[in-house]
Amino acid sequence: MPKSDVKARALRLKDALFKTYPQATCALKHHGAFELAVATILSAQCTDERVNIVTRDLFKKYRTPRAFAEADSGELEAAIRPTGFFRNKARSIQGFSRGIIEQFGGEVPKDMDALVKLPGIGRKTANVILGTAFGLATGVVVDTHVSRLAQRMCLTKEEDPGKIEQDLMKLIPQEDWILFGHATIWHGRQICNARKPKCSECPLAADCPKIGVMAHE
DNA sequence: CTCCCGATAT
DNA sequence: ATATCAGGAG
């Protein structure tokens, strides 16, 4: 399949996504970049819905980076336990909090290279923070939903999230990167989900190479 | 590559 | 029983 065809289809899919989900935004409830960072760390292998349940109380108990940094690790682990991976996530949250206190005066840096050096922050989480909290299109958020949809729509043949992001950055105009992530994730949750995609309800079906090839509806 | 890990849908 | 959920570190 010629690359120009892939790009043209990517742009049509993007337009359809934007038309279908014009209101798409980050589903993780938060106030400011720091809370968003914590929520995104918690969102690994966990639904955003469950993260929001946990953070509702968590952000009352711990209100600042210093509060997280100085928290008893056992208490923090207990507070986030329902999100899974709770020991790793507690360690990441405290390491991230201490890192921004020591290096950035307690502020979340608006810088990809600085963010990914902090504990618990990879490219995906950094892109969420930069795009949603700061409006900076440094890259394309590639999570489990974006990976799955990019593959189903044949926008990439890669499996590594970093390589998928490189492909999407070539296919989607930079001004659309942030909304593309939000809309794609929205679509991935509501229609093109992992187990039982609702192809019969899909507004993108006309452009989907996998229509009818997916698991029986 | 493996490990971390609880909750829910199928 | 198994797959999956807004991943990242060793």
Side-chain angles (χ1 to χ4, degrees), chain A residues 17 21 23-30 33-59 73-74 76-100 108 112-134 137-152 158-165 168 177-199 214-217:
Chain A
L17 280 170
Y21 310 101
Q23 82 300 342
T25 182
C26 181
L28 297 169
K29 294 183 180 176
H30 64 282
F34 177 72
E35 284 192 2
L36 178 59
V38 173
T40 308
I41 289 172
L42 292 176
S43 70
Q45 296 298 306
C46 178
T47 61
D48 54 345
E49 184 181 355
R50 182 161 307 281
V51 172
N52 287 336
I53 293 171
V54 165
T55 54
R56 189 182 60 199
D57 294 328
L58 186 72
F59 293 153
S73 59
L76 180 56
E77 288 175 4
I80 66 174
R81 178 158 30 88
T83 68
F85 299 162
F86 58 88
R87 294 187 185 87
N88 285 348
K89 289 175 180 178
R91 190 159 41 244
S92 292
I93 290 168
Q94 293 200 291
F96 173 73
S97 299
R98 290 164 186 156
I100 64 171
V108 178
M112 170 63 75
D113 292 330
L115 280 170
V116 296
K117 288 176 185 169
L118 291 162
I121 310 293
R123 261 199 86 85
K124 179 262 175 182
T125 301
N127 275 326
V128 169
I129 296 168
L130 291 167
T132 298
F134 299 134
T138 307
V140 178
V141 171
V142 177
D143 67 346
T144 180
H145 293 299
V146 177
S147 294
R148 184 179 64 253
L149 266 67
Q151 289 165 357
R152 284 182 179 172
E158 303 291 345
E159 295 186 1
D160 174 69
K163 293 180 180 176
I164 294 174
E165 183 182 1
L168 292 177
W177 286 354
I178 296 172
L179 184 54
F180 178 81
H182 289 145
T184 303
I185 290 162
W186 215 267
H187 185 61
R189 294 196 324 172
Q190 298 193 346
I191 303 293
C192 196
N193 53 15
R195 295 187 191 235
K196 196 177 175 188
K198 301 169 183 171
C199 298
M214 300 306 308
H216 329 292
E217 299 180 39

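Residue numbers start from 1 in every chain, and the chains themselves are labelled A, B, ... in the order their sequence lines are given, proteins ahead of strands.
- Rounded to whole angstrom, the span from the CZ atom of A:Phe85 across to the C1' atom of B:dG6 amounts to 9 Å.
- A:Val38 places a side-chain heavy atom less than 4.5 Å from the side chain of A:Phe59.
- Atoms CG (A:Asn88) and P (B:dG6) sit 12 Å apart, rounded to a whole Å.
- For the residue pair A:Thr132 / A:His182, a side-chain donor-acceptor distance below 3.5 Å is found, with atom types taken as modelled.
- Here the rule is side-chain contact (heavy atoms from CB on, under 4.5 Å) with A:Lys124, and of A:Val142, A:Val140, A:Val116, A:Val141 only A:Val141 fits it.
- Distance noted for atom C1' between C:dT4 and B:dC4: 16 Å (whole Å).
- B:dC5 and C:dT2 are spaced 15 Å apart, taking the C1' atom of each and rounding to whole Å.
- Within 4.0 Å (heavy atoms only), A:Arg91 reaches no atom of the nucleic acid at all.
- Atom CH2 in A:Trp177 sits roughly 24 Å away from atom P in C:dA6 (whole-Å rounding).
- Taking atom CG on A:Leu28 and atom C1' on C:dC5, their separation rounds to 12 Å, with Å as the unit.
- By the neighbour-count criterion of 12 heavy atoms within 6.0 Å, atom CZ of A:Arg81 is sparsely surrounded, having that number or fewer from other residues, nucleotides or ligands.
- DNA chain C is contacted by both A:Ile121 and A:His182; A:His182 maps to the nucleotide lying nearer its 5′ end (nearest heavy atom per residue).
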**Request:** Evaluate the criterion side-chain hydrogen bond (donor to acceptor under 3.5 Å, both in side chains) for residue pair A:His187 and A:Tyr21; output intermediate values, then yes/no.
**Result:** CA-CA 8 Å; A:His187 185 61; A:Tyr21 310 101; 2.7 Å; yes
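- Close to B:dC5, at under 4.0 Å from its OP1 or OP2, lies a side-chain N or O of A:Arg87.
- Side chain of A:His145 to backbone of A:Asp143: no donor-acceptor contact under 3.5 angstrom is found.
- Atom CD1 in A:Ile80 sits roughly 11 Å away from atom C1' in B:dG6 (whole-Å rounding).
- A close approach under 4.0 Å does not occur between any side-chain nitrogen or oxygen of A:Arg50 and OP1 or OP2 of C:dA6.
- Residue A:Thr144 places at least one side-chain N or O under 4.0 Å from the OP1 or OP2 atom of C:dC5.
- The interatomic distance linking A:Phe86 (CZ) with B:dA7 (C1') rounds to 13 Å, in whole Å.
- Taking atom CG of residue A:Leu42 and atom P of nucleotide B:dG6, one finds them 15 Å apart after rounding to whole Å.
- Taking atom P in both C:dA6 and B:dT10, one finds a spacing of 14 Å when rounded to whole Å.
- In this model, the phosphate group of B:dA7 is not approached by any side-chain N or O of A:Thr47 to a distance below 4.0 Å at OP1 or OP2.
- One can place NZ of A:Lys89 at 13 Å from P of C:dA9, the figure rounded to the nearest angstrom.
- No contact: A:Val51 has no heavy atom under 4.0 Å from any strand.
- Within the 4.0 angstrom heavy-atom criterion, only backbone atoms of the sugar-phosphate kind lie near A:Thr125; the bases stay farther away.
- At a threshold of 4.0 angstrom between heavy atoms, the contacts of A:Ala27 include nucleobase atoms, whether or not backbone atoms are also involved.
- With the nearest nucleotide of DNA chain C identified for both A:Ser43 and A:Ser92, A:Ser43 has the one nearer the 5' end.
- Contact annotation for A:Leu36: no contact, since no heavy-atom pair falls under 4.0 Å across all strands.
- Within 4.0 Å of A:Pro161, counting heavy atoms only, lies no atom of the nucleic acid at all.
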